[in-house]
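The first residue in the sequence is number 1, and the count goes up from there. All ligand and atom numbering here is 1-based and tracks the order in the structure. No hydrogens, no waters, no symmetry mates; every other heavy atom, side chains included, goes into these values.
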Amino acid sequence: MDEFALIDRYFRRTVDASVHVGIGDDAAVIEVPAGRLLVAAVDTQVQDVHFPKTLAAADIGYRSLAVNLSDLAAMGAIPKWMTLALSMPVADPAWLEGFSEGLFAAADEHGVSLTGGDTTRSSQTVISVQLLGHVDAQAIMRRDGCDAGHRIFVTGHPGDAAAGLALIQQGEYEGYLQRRFGRPTARVKFGQVAAAIASAAIDISDGLAADLKRLLAASGCGATIDVQQLPLSQALSDHAGEDEARRLALTGGDDYELCLTASPAAEAALFSAAEQCGVELQCIGIAESVTGLRIVKGDKPFTIDDDGYRHF
Ligand code: ADP
Ligand code: MG
């Protein structure tokens, strides 16, 4: 199968009317709605770095877009258009079938069109998805808006994906925790609603502690969080025990949940936005003027070894 047959077979789908020129020309031409600002993110998934090669191709496809959807969710943006740079050693029809099915499953859930890409041979599979969307200039969620006294919130159940990945690496592919790794649920709708309410937000890709530290550093403040407030899933507590589950929730990557901050006056509105979007939301701590992140369990410090994944 040549490159063009491959693109036609697996990647050419109907696109949104905002796409004036899509797959087949030298570049895509897109109409951004009047009065909106363009938002862009790109994320690369490398085999054996971001996912084990034994992960189902459909999950690899789904995650490749979901990780970008999560970035746009953290900005309060509406995702609309993606491009796909796909590098792989062989054009395996079964793998491409699964991969494209998973990729378009995520795309269809969020109304995203594939507008172009690049297909190349490489020694191992590398998938780079660029996602574009748009945002209201008055409601951009940034990392730098948190102030002392603001509450700190997290969506969903952090830690599940890291436990799921560990199980997949041990050859156990089926289960709730494994699905949390393979099919992250980017909080896109909630991000859009929260953008008018929250003071700051970041998505959790490298671990809650590491990503919250980035938000605090950008905002020039610090925080104390209590691990007893962490919203652990029953599956994670059963699997790892409570304190280990807390460590995974703080340091495990790949959750693609949102960590947000809001003033006390905005707290009730944030909870009702979460409820409206069907998203679980938990307050885990409070921002303070003293910089740095302090992690406690009641009145005692709670120690973690490492605070998140780093490539270098
Ligand atoms: P060029 O040689 O100009 O870089 P290509 O031959 O790489 O163009 O691509 C031809 C067309 O197919 C372009 O419109 C490109 O955006 C699209 N394309 C290539 N690979 C993919 C892919 N994996 N998914 C979607 N579109 C793709
Ligand atoms: Mg090209």
Side-chain angles (χ1 to χ4, degrees), residues 1-33 36-73 77-134 181-186 188 205 254 256 311:
M1 180 171 26
D2 83 358
E3 203 178 306
F4 299 101
L6 183 158
I7 294 161
D8 273 347
R9 172 140 179 215
Y10 299 107
F11 297 113
R12 192 187 291 276
R13 299 270 177 109
T14 52
V15 292
D16 186 82
S18 58
V19 182
H20 291 219
V21 181
I23 292 176
D25 215 311
D26 293 308
V29 180
I30 290 162
E31 186 172 337
V32 180
R36 306 279 295 181
L37 299 183
L38 186 68
V39 181
V42 63
D43 245 309
T44 300
Q45 301 285 311
V46 180
Q47 180 190 305
D48 301 330
V49 176
H50 298 92
F51 61 88
K53 75 160 169 263
T54 52
L55 187 67
D59 288 348
I60 297 170
Y62 191 94
R63 293 182 84 260
S64 298
L65 178 55
V67 300
N68 284 287
L69 288 166
S70 180
D71 282 323
L72 262 63
I78 298 178
K80 288 291 293 180
W81 313 283
M82 64 171 163
T83 51
L84 166 68
L86 179 60
S87 304
M88 58 206 167
V90 289
D92 173 5
W95 189 90
L96 283 161
E97 187 69 50
F99 174 82
S100 60
E101 181 210 301
L103 179 78
F104 284 112
D108 293 345
E109 275 173 32
H110 296 281
V112 171
S113 298
L114 179 61
T115 64
D118 195 25
T119 306
T120 60
R121 186 188 298 277
S122 65
S123 56
Q124 64 171 349
T125 303
V126 178
I127 303 133
S128 200
V129 171
Q130 183 187 49
L131 181 61
L132 301 173
H134 55 78
F181 177 79
R183 300 268 164 159
T185 41
V188 176
S205 51
D254 299 308
Y256 301 102
H311 287 270

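When heavy-atom distances to ligand 1 are checked against a 4.0 Å cut-off, Asp25 comes that close only through its backbone atoms N, CA, C and O. Residue Ile23 touches ligand 1 through backbone and side chain together, judged by heavy-atom distances below 4.0 Å.
Heavy-atom contacts of Leu114 reach the following atoms of ligand 1: 24 (N), 25 (C) (cutoff under 4.0 Å). Within ligand 1, the atoms closer than 4.0 Å to a non-hydrogen atom of Gly24 are 11 (C), 13 (C), 14 (O), numbered from 1 in the order shown. Atoms of ligand 1 lying under 4.0 Å from any heavy atom of Asp26, numbered from 1 in the order shown and given with element: 3 (O). Near Gly116, meaning under 4.0 Å from any of its heavy atoms, are these atoms of ligand 1: 16 (O), 25 (C), 26 (N), 27 (C).
With Phe181 as the aromatic partner, Arg63 meets the cation-pi criteria of under 6.0 angstrom to the ring centre and within 45 degrees of the ring axis.
Going from atom CG of Asp108 over to atom CG of Leu65 covers 10.0 Å, rounded to the nearest 0.5 Å. Rounded to the nearest 0.5 angstrom, Leu84 CG and Ser64 OG are separated by 7.5 Å. In this structure, Arg36 CZ and Lys80 NZ are separated by 10.5 Å, a value rounded to the nearest 0.5 Å.
Side chains of Tyr10 and Met1 form a contact here, defined as non-hydrogen atoms less than 4.5 Å apart. Contact of the Asp254 side chain with the Phe51 side chain is not registered, since no non-hydrogen atoms from C-beta on lie closer than 4.5 Å. Between Asn68 and Gln130, the closest side-chain pair of non-hydrogen atoms is not below 4.5 Å.
At a 3.5 angstrom cut-off on N or O pairs, Thr119 counts as close to ligand 1. Among the atoms of Phe11, none of the N or O lies under 3.5 angstrom from an N or O of ligand 1.
In this structure, Phe4 has a heavy atom closer than 4.0 Å to ligand 1.
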